[in-house]
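These values consider heavy atoms only, across backbone and side chains, with no hydrogens, waters or symmetry-generated copies.
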Amino acid sequence: MSLYERIYLLAEQIPPGVVTTYGDLARIVGGGCDARTVGEAMNAIPKDRAQSVPWQRVINAQGGISTRGLVQRQLLEAEGVVFNQRDRTDLRRFGWAGPSPEWCAAHGFIPLPPRDDASAEQLSLF
DNA sequence: CGTATGACCATGC
DNA sequence: GGCATGGCCATAC
């Protein structure tokens, strides 16, 4: 299984109405995978996976959209994700906690460390 | 194999 | 908060 396929398998676990970041997916994949690589993978989703990979739920660490145009934002808003006046979403509210530890263990992924209140407090976007 | 490229990110003004 | 840098790493040529 190629690296990109692992990234797609992981991205398919993101439920509707939440978002995650390139960097978080990279950390869950592990093995030196980094945020740019996840971005590359999202840019290269094969046709047969286009319907199963929720690429729109992957955004940057600032809570913003990295793609051009309005498509991604509109898809997210249709799922209930709210953006503020500076085109950012609150990752504390809409950020995905990652797959369950059981799922990670079953597929060889690394669970995302829980975000503590201290690190989550720095952004009061709303 | 070296080089360039990019849906990125942490850091330091 | 914005902006510039350097680092990161898989692909494509």
Side-chain angles (χ1 to χ4, degrees):
Chain A
M1 191 178 220
S2 74
L3 173 62
Y4 279 17
E5 284 172 350
R6 282 175 59 75
I7 294 174
Y8 299 144
L9 176 64
L10 172 60
E12 283 169 353
Q13 310 307 311
I14 311 170
V18 300
V19 293
T20 189
T21 69
Y22 301 96
D24 278 347
L25 291 188
R27 277 186 284 274
I28 296 171
V29 170
C33 181
D34 77 331
R36 297 193 80 142
T37 302
V38 173
E40 276 292 318
M42 292 299 107
N43 190 38
I45 298 176
K47 275 182 68 173
D48 56 319
R49 283 237 195 194
Q51 299 303 316
S52 64
V53 179
W55 57 271
Q56 73 273 20
R57 305 203 260 253
V58 186
I59 64 177
N60 61 46
Q62 290 77 44
I65 302 293
S66 292
T67 57
R68 298 202 273 146
L70 302 174
V71 182
Q72 186 172 8
R73 173 166 177 164
Q74 289 172 346
L75 287 172
L76 288 177
E77 288 179 331
E79 297 182 355
V81 177
V82 180
F83 290 80
N84 68 8
Q85 297 176 9
R86 300 217 325 264
D87 302 321
R88 305 272 191 81
T89 188
D90 188 351
L91 289 172
R92 192 173 42 166
R93 281 179 59 192
F94 300 105
W96 183 41
S100 70
E102 295 78 20
W103 189 91
C104 285
H107 296 87
F109 287 88
I110 304 168
L112 206 56
R115 234 197 276 218
D116 55 32
D117 294 334
S119 67
E121 185 177 4
Q122 56 191 12
L123 287 171
S124 62
L125 296 172
F126 291 91

- Note on the structure: Residue set satisfying side chain to side chain donor-acceptor pair (under 3.5 Å) with A/E77, at least two apart, ordered chain then number -> A/R73
- Query: Taking the side chain as C-beta and beyond, is there a heavy-atom pair between A/W103 and A/L10 under 4.5 Å?
  - Reply: yes
- Item | Pairs satisfying side-chain hydrogen bond (donor to acceptor under 3.5 Å, both in side chains), at least one member in residues 35-47 of chain A, at least two apart | A/D34-A/T37
- Query: Does A/V82 offer a backbone N or O that forms a donor-acceptor pair with the side chain of A/T89 under 3.5 Å?
  - Reply: yes
- Query: Starting at CG of A/L25 and ending at P of C/dC9, how long is that distance when rounded to a whole Å?
  - Reply: 17 Å
- Over all heavy atoms of both residues, which pair between A/R49 and A/E12 is shortest? Give the atoms and the distance, please. NH1-OE2, 3.0 Å
- Message: With a 4.5 Å cut-off on side-chain heavy atoms, are A/L9 and A/F109 touching?
- Response: yes
- Query: Does the side chain of A/D87 reach to within under 4.5 Å of the side chain of A/I65, using non-hydrogen atoms?
  - Reply: no
Interface polar pairs with nucleotides 11-13 of chain C, N/O, under 3.5 angstrom:
none

- Starting at CD of A/Q85 and ending at P of C/dG1, how long is that distance when rounded to a whole Å? 14 Å
- Consider the side chain of A/R88, meaning its heavy atoms from C-beta on, and name the nucleotide among B/dC8, C/dA10, C/dG2 that approaches it most closely. C/dG2
- Task: Would you mind reading off the distance between A/I7 atom CD1 and C/dC9 atom P, rounded to a whole angstrom?
- Result: 13 Å
- Message: Closest approach to the side chain of A/T67, judged atom by atom: which nucleotide of C/dA10, B/dC9, B/dA7 is it?
- Response: B/dA7
- Message: Show the nearest heavy-atom pair for residues A/N60 and A/Y22, with the distance to one decimal.
- Response: N-CE1, 3.6 Å
- Mind checking whether A/Y8 and A/Y4 have parallel, tilted or perpendicular rings, split at 30° and 60°? perpendicular
- Nearest-angstrom distance from the residue atom CD1 of A/I45 to C1' of B/dA7: 10 Å
- Query: Quick one: side chain to side chain donor-acceptor pair (under 3.5 Å) partners of A/Q72, sequence neighbours excluded?
  - Reply: A/T67
- Between A/Q72 (CD) and B/dC8 (P), how many Å, whole number? 10 Å
What nitrogen or oxygen pairs link the protein and nucleotides 4-8 of chain C at under 3.5 Å?
residue	atom	partner	partner atom	Å
C/dG7	O6	A/R36	NH1	3.2
C/dC8	O2	A/D34	OD2	3.3

- Once you round it to whole Å, what is the distance between C1' of B/dA7 and CG of A/L70? 15 Å
- Heavy atoms, side chains only, cut-off 4.5 Å: are A/R57 and A/L76 in contact? yes
- Query: Separation of A/D87 atom CG from B/dA7 atom P, in whole Å?
  - Reply: 18 Å
Between protein and nucleotides 10-13 of chain B, what N or O pairs are separated by less than 3.5 Å?
none

- From CD1 of A/I14 across to C1' of B/dA7 the rounded distance in Å is 13 Å
